[in-house]
S.K.: 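Take this structure, written in structure tokens, and hold onto it; I'll ask about it next.
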Amino acid sequence: MNGASPRIILGITGSIAAYKSLDLIRRFDEAGVSVRVAATRNARSFFPLLTAEVFSGHPVMTDLFAKRNPSLSDTGGVRHLSLLEGAEALLIAPASADFIAKMALGLADDLLSTIALSATVPIFIAPAMEEAMYRHPASVGHRKTLAERGVIEIEPENGPLASGKTGLGRMADTNTILSRVLETLRGPRGGPKPLAGLRILISSGPTIEPIDVVRFIGNRSSGRMGDALARAASDLGARVTLVSGPTSLPPPPGAKLYSISTAMEMEKVLRDQFGAHQVLIMAAAVSDYRPTATKTEKKKKDGKNWTLELVENPDILKGLAESKKPGQFVIGFAAESILDHDQLLAKCRRKNVDLLVANDISNPDTGFGSTDNAVTLVFPDGTFDRIERQTKSAIARKILDRIPLGKLLNKT
Ligand code: C5P
């Protein structure tokens, strides 16, 4: 949000809460954010289009193909693309159950759904519907799908609903919507977005390697460090892709999430994604071994010992770091019981990383499962730095501070 005033697209769908969108337009305007409105056909029944045109100072678009074009720089039939030009966020408020389902399925049969499918900017939805619809497994599933794609939900509130009942499903308050969107445009609490323009790929959580259909081996990892890195990087303006093994954490808002189970699955996704990112942060606890063969049925107990044969998994970090191009920066993690500087430096160089973040796992107050951490930073030139015990979120920001932005952003 540096320089010119930012621009958002406000998508309005068919919900009784659409009347609140007028207030949203006014409030964004007061905050210096210019708004273009795209409404669905159903929204027309709930919403005074003409008033919205006056409030926003621009025509309200509903049709994919323009018949007459008073003020838009439309390029032929691709009206959704000209609307997206220069936009920094897409906010769908209110987002009806029907529209959320369309987004989850990737349907694009009108202007707003086509915009939603083409947008590469952060997308927010502010659901508004009856409680039964909000809690229906179909709606829950669609919102989960969208969250995994990085769509940010501004949760509805409890209160009177269109049916006259009281319950969960009332569109979030205007102030809440405004501050969530502005936070993304301006960084948290109006702070700067030093990582804008940077694409960061983060691996997180454990990998689990199946022995048979019910048993597995894996590493201990809560995924909290990777989650903290993804949240901090998004807050600071980076576009984040998170590749995570199973954890109990909700997807971090704004990040594109790939959920995987095994090391081989993680390696494939990371290999596919690495080229499109300037930074890789390998915070996952990758299982070093996997069973040589996976049984397709549950092995029955037979009173005898069971010997498992394990094969080594590829070192994903080493493989990717070896293929890194100029303009890419790779950060690895090391979980050690003893932080020996010589060994850490040897690992940093062996893995060809630009920064190795070492955890002391012998300390129960930090590391596995804890919300705190204390780490040693190791650089290939033989320098070391220590970040003393603090929250994983604070540590994440200090690690991100070490990314050489000047070098990376000039290359793109
Ligand atoms: O060799 P070590 O397991 O200590 O290295 C840890 C670092 O290497 C972490 O960044 C981890 O994500 C990564 N790693 C990997 N593939 C493996 C094992 C570890 O990418 N098979």
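As the structure lists them, so they are numbered: ligands from 1, and atoms in each ligand from 1. We count residues from 1, following the sequence as given.
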S.K.: Out of A321, S203, A284, who is nearest to atom 11 (C) of ligand 1 when you count heavy atoms only?
M.R.: A284

S.K.: Examine the proximity of ligand 1 to P314 and report which part, side chain or backbone, both or neither, has a heavy atom under 4.0 Å away.
M.R.: backbone

S.K.: Where the side chain of S287 meets the backbone of N219, is there a donor-acceptor pair that is under 3.5 Å apart?
M.R.: no

S.K.: With side-chain contact (heavy atoms from CB on, under 4.5 Å) as the test, pick out the partner of I403 among V279, L355, L409.
M.R.: V279

S.K.: State the atoms of ligand 1, each with its element, that fall below the 4.0 Å cut-off from a heavy-atom position in K351.
M.R.: 1 (O), 2 (P), 5 (O), 6 (C), 7 (C), 8 (O)

S.K.: With a cut-off of under 6.0 Å to the ring centre and 45° to the axis, is R402 in cation-pi contact with F329?
M.R.: no

S.K.: So do the side chains of E265 and K268 get within less than 4.5 Å of each other, counting heavy atoms only?
M.R.: no

S.K.: Ignoring hydrogens and angles, state whether a donor on the side chain of S96 or D98 is under 3.5 Å from an acceptor on the partner side chain.
M.R.: no

S.K.: Against ligand 1, does A335 come closer than 4.0 Å with any heavy atom?
M.R.: no

S.K.: Which atoms of ligand 1 have any heavy atom of D288 under 4.0 Å away?
M.R.: 18 (C), 21 (N)

S.K.: Which residue holds the protein heavy atom closest to atom 4 (O) of ligand 1, what is that atom called, and what is the gap in Å?
M.R.: K347 NZ, 2.3 Å

S.K.: Does P380 offer a backbone N or O that forms a donor-acceptor pair with the side chain of R349 under 3.5 Å?
M.R.: yes

S.K.: Distance to 0.1 Å, residue and atom name: give those for the protein heavy atom nearest to atom 6 (C) of ligand 1.
M.R.: F333 O, 2.8 Å

S.K.: So if I count the atoms of ligand 1 from 1 in the order they appear, which ones are less than 4.0 Å from some heavy atom of L317?
M.R.: 7 (C), 8 (O), 10 (O), 13 (C), 15 (C), 20 (O)

S.K.: Which donor-acceptor pairs under 3.5 Å do side chains of residues 238-250 form with protein atoms, sequence neighbours excluded?
M.R.:
| unit_1 | atom_1 | unit_2 | atom_2 | d |
| --- | --- | --- | --- | --- |
| R239 | NH2 | T120 | O | 2.5 |
| T241 | OG1 | H277 | NE2 | 2.8 |
| T247 | OG1 | L249 | N | 3.2 |

S.K.: Taking the basic N atoms (NZ, or NE/NH1/NH2) and the acidic carboxylate oxygens, is any pair closer than 4.0 Å for R231 and D227?
M.R.: yes

S.K.: As an exercise, identify every atom of ligand 1 less than 4.0 angstrom from a heavy atom of D315.
M.R.: 15 (C), 16 (N), 17 (C), 20 (O), 21 (N)

S.K.: Number the atoms of ligand 1 from 1 as they appear, then name those within less than 4.0 Å of a heavy atom of G332, with their elements.
M.R.: 10 (O)

S.K.: Tell me the protein heavy atom at minimum distance from atom 16 (N) of ligand 1, and give that distance in Å.
M.R.: I316 N, 3.1 Å

